[in-house]
Amino acid sequence: MASATYTLPITGMTCASCAGRVERALMKVPGVDSAAVNLAAEQVRIEAQDADLAGLVQAVEKAGYGVPTQSTELLIEGMTCASCVGRVERALRKVSGVSSASVNLASERARVEVMGVVDPEVLVQAVEAAGYKAQPADDSPPTADRTETRLRRERWAVIAALLLAAPLVLPMFGDLFGQHWMLPAWAQFLLATPVQFILGARFYVAGWKAVRAGAGNMDLLVAIGTSAGYGLSLYQWWAAEAGQMPHLYFEASAVVIALVLLGKYLESRAKRQTSAAIRALEALRPDRAVRVVDGREEEVAIAALQLNDLVTVKPGERFPVDGEVVEGESQADEALISGESLPVAKAQGDRVTGGAINGEGRLLVRTTALGGETVLARIIRLVEDAQAAKAPIQKLVDKVSQVFVPAVLVIALLTLAGWLLAGASAEVALLNAVSVLVIACPCALGLATPAAIMAGTGVAAQHGILIKDAEALEVAHAVTAVAFDKTGTLTSGKPRIVHLHAVEGDEAELLREAGALQRGSEHPLARAVLDRCEEAGLTVGDVERSQSLTGRGIAGDLEGRSLALGNRRLLDDNGLQPAGLADKAQAWEAEGRTLSWLIETAPQTRVLGLFAFGDSLKEGAAEAVAALNARHVRSHLITGDNRGSARVVAEALHIDSVHAEVLPADKAAVVAQLKKGGAVVAMVGDGINDAPALAAADVGIAMGGGTDVAMHAAGITLMRGDPRLVPAALEISRRTYRKIQQNLFWAFIYNLVGIPLAAFGFLSPVVAGAAMALSSVSVVSNALLLKRWKPEE
């Protein structure tokens with residue numbers, strides 16, 4: 001067996017013993033003959049026979065070192081079916097350093113993971129050697145421009161083919177009404193030849209490249225089938241006696257090519273709609289910005305901006321960058337970015353997102369992120385990653401596509417031989433074999449999964465649900481249990497007054513006095529008191545001699561009285577007893593509430609009232625859990641908070657089970673325990689301490705506004721912190737998976753039913769061509785029905 005050489009870059013090596021450890025680890029991999037580490041170059045050279053690159057990388061990582069990888073995207077032209085996808089992937093994987101390659105037929109992109117540095121030109125050459133055109137995605141013109149140019153070219157080809165084929169097929173309809181409009185043989189020849197060899201040249205070129213690469217594709221089937229019909233017509237014409245009108249099949253070959261071209265054009269148009277979400281997001285990026293320098297405004301290109309530059313945004317304009325409002329008040333329409341339908345108020349200190357639309361006020365914004373680091377760029381990258389990825393169910397299609405074209409060619413030959421052995425004429429046998437070649441449609445198989453994934457992830461992104469990979473999309477439909485973090489996920493993470501009681505019964509006066517003590521404080525509990533005063537429309541006065549009581553609370557004089565607000569130690573220091581509030585205090589503490597006592601210390605000493613603070617439930621939390629319950633999905637609460645506060649939240653939301661006082665490191669263990677019980681688990685969280693649990697779950701869902709660590713660990717990210725997006729994410733997953741199943745079903749049925757019908761002579765080549773064109777269009781059109789999806793209100 002021939003030996004292959006692999007060169008892998010290694011990170012983390014510091015000395016000769018590190019090099020020895022890497023070499024010993026690699027020599028344990030089956031098939032490795034030798035491994036030599038170059039410590040200075042930080043790489044290892046491996047001689048191996050039939051070794052798996054992924055296995056080599058795994059061995060290095062198990063030894064405690066890293067193999068740096070990078071991702072490259074290529075645009076591929078000329079693919080027509082699932083077998084083309086397989087051939088491109090195999091060609092890319094043969095390139096030294098490539099660990100994986102995934103090709104998406106619907107988006108016509110290849111995502112290639114390479115070890116170390118691989119020249120993109122080497123990848124391009126590998127694709128071209130397989131018979132296709134390729135270029136790095138970064139060097140290509142905008143997707144919309146490229147697609148429009150190709151659609152325009154395909155449209156003219158279709159029009160020309162239909163115009164030339166029409167005179168050939170119209171006489172067939174005339175015969176139905178007793179009219180004989182059959183054109184002479186020379187006229188049919190002149191009309192069919194340009195369709196066959198000029199407009200149909202793409203099938204010959206692509207088919208020949210496939211043969212040269214030792215494979216087959218849809219183009220090869222069309223080229224062989226139509227050439228057989230065209231050649232049979234030439235033979236019949238040549239063999240006919242003088243003055244006799246031969247039975248020609250020029251119309252069959254011409255109409256098949258015209259119909260296939262029409263089908264490919266309609267398919268391209270439909271595929272364009274599957275990437276509409278990406279184009280809509282890309283369109284949000286402004287090209288120019290108005291920068292403010294020393295009080296002067298100047299219009300510059302976005303690329304000219306730097307961090308901390310000041311830009312001005314007028315009403316109705318899009319924010320050119322991510323930034324922080326320095327001056328002005330307005331509202332921002334973030335619908336296309338976060339899915340939030342209502343405008344969001346913006347004032348000094350608030351964050352704004354590039355691509356959102358400014359409302360009625362002029363804003364001065366300080367730039368905080370540029371280029372690929374903006375929220376919009378990251379959203380586009382996430383959606384593109386998801387659309388480029390392959391769902392696990394696609395593995396079945398890949399296996400079928402490898403043998404599809406050879407199997408169809410064998411069936412066509414058997415059809416030809418079978419009809420001849422049955423005593424049919426060579427003409428009939430050949431036409432039935434042509435029908436088999438034409439009806440077979442690997443296109444529908446290749447488009448079934450990626451078209452649905454592109455449509456599903458695209459519409460999800462428009463509603464604020466970012467699905468990072470196709471596997472998360474496929475698994476989410478089967479979720480049977482959802483585990484929620486509490487703080488920041490189901491609750492706002494901001495305390496508010498949950499209960500209050502005034503000893504003398506005047507709660508408004510109790511609030512006013514507490515608000516006066518807390519005025520000017522930035523403490524979260526103080527903010528909760530002031531917010532409640534504002535909601536109640538109370539005017540808060542000024543206190544004199546305000547002072548902080550370390551470890552106890554705050555004190556001050558108000559209208560000739562000395563007041564203090566704080567914890568239980570305040571009562572003990574002043575010799576006070578809870579009196580009639582003891583039962584309430586005990587009950588509220590059992591709920592996990594934080595208590596604050598308002599007391600008067602002069603002219604008399606007495607308890608005025610009691611406040612209980614708690615985290616407020618997020619809007620939509622109850623509806624989210626109710627929607628999960630309606631789908632028979634069990635809900636769990638996993639939190640580090642005390643059992644009292646966890647129980648209150650669970651009871652308010654009707655959550656099925658509670659796991660309280662769980663340490664951050666143990667959250668993943670709780671998820672693992674749920675999975676061990678047979679549940680398919682989705683974990684929903686927003687913090688760094690949720691990241692292990694998000695990674696441990698079958699599907700991780702990160703709430704918008706959470707940390708980057710949580711978003712990185714999760715398969716799905718919700719762009720806004722609305723719990724109602726959780727059941728919506730599961731629903732779009734369910735619908736997308738159903739579309740994948742429907743598409744694969746119809747793609748297989750087309751071939752399982754159509755090929756035998758053609759083989760037994762029940763389909764003419766023209767009908768077979770129409771069915772083939774229809775199959776691809778119907779699969780993509782079915783996927784596009786997902787674009788009508790909206791989250792339930």
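Index from 1, following the sequence.
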Response to the item:
salt bridge (Lys or Arg N to Asp or Glu O under 4.0 Å) filter on Glu42, not counting sequence neighbours, yields none
Practice prompt. Applying salt bridge (Lys or Arg N to Asp or Glu O under 4.0 Å), name anything that partners Glu651, two or more places apart in sequence or on another chain.
Written response: Arg647
Practice prompt. Examine distances only and state if a side-chain atom of Asp322 and a backbone atom of Gly354 form a donor-acceptor pair shorter than 3.5 Å.
Written response: yes
Practice prompt. Would you check if Val779 and Leu744 make a side-chain contact, meaning some heavy-atom pair closer than 4.5 Å?
Written response: no
Response to the item:
For His499, the ring pair (Phe, Tyr, Trp, His ring centres under 6.0 Å) test, sequence neighbours excluded, returns Trp588
Worksheet entry | Distance (rounded to the nearest 0.5 Å) between Ile749 CD1 and Gln742 CD | 13.0 Å
Let me check something: any side-chain donor-acceptor pairs from residues 12-21 under 3.5 Å, sequence neighbours excluded? List them with distances.
{"residue": "Arg21", "atom": "NE", "partner": "Tyr65", "partner atom": "OH", "Å": "3.3"}
{"residue": "Arg21", "atom": "NH2", "partner": "Tyr65", "partner atom": "OH", "Å": "2.4"}

Worksheet entry | Any pair counted as ring pair (Phe, Tyr, Trp, His ring centres under 6.0 Å), so long as it reaches residues 611-630, sequence neighbours left out | none
Worksheet item: So which pairs with a foot in residues 621-637 pass salt bridge (Lys or Arg N to Asp or Glu O under 4.0 Å), sequence neighbours left out?
Response: Arg631-Glu731, Arg631-Glu792
Fill in: Nearest heavy atoms of Thr736 and Ala452, plus distance in Å
CG2-O, 3.5 Å
Practice prompt. Not counting sequence neighbours, which residues clear side chain to side chain donor-acceptor pair (under 3.5 Å) with Thr480? List them please.
Written response: none
Discussion item. Going by the rule side-chain contact (heavy atoms from CB on, under 4.5 Å), which residues pair with Ala646 if we only count those two or more places apart in sequence or in a different chain?
Written reply: Leu637, Thr639, Val658, Ala660
Worksheet, complete the sentence: Scanning both residues in full, the closest heavy-atom pair of His654 with Asn629 reads O-ND2, 3.7 Å
Worksheet item: Between His463 and Ala460, is there a donor-acceptor pair closer than 3.5 Å when you use the side chain of the first and the backbone of the second?
Response: no
Fill in: Donor-acceptor contact present, side-chain Glu89 to main-chain Val103, <3.5 Å
yes
Worksheet item: Do you know which two heavy atoms are closest between Leu674 and His636, and how far apart they sit?
Response: CD2-CE1, 3.6 Å
Worksheet item: For His659, what residues pass the side chain to side chain donor-acceptor pair (under 3.5 Å) criterion, not counting sequence neighbours?
Response: none
Worksheet entry | For Arg351, all residues meeting salt bridge (Lys or Arg N to Asp or Glu O under 4.0 Å), sequence neighbours excluded | none
Item to complete: Please list, chain by chain and in numerical order, all residues satisfying salt bridge (Lys or Arg N to Asp or Glu O under 4.0 Å) with Lys739, sequence neighbours excluded.
Response: none
Discussion item. Is it the case that over 12 heavy atoms from other parts of the model lie below 6.0 angstrom from the CD atom of Glu619?
Written reply: no
Worksheet item: Of all residues at least two apart in sequence or in a different chain, which pass the side-chain contact (heavy atoms from CB on, under 4.5 Å) check with Thr491?
Response: Lys486, Thr487, Asp615, Leu617, Val649
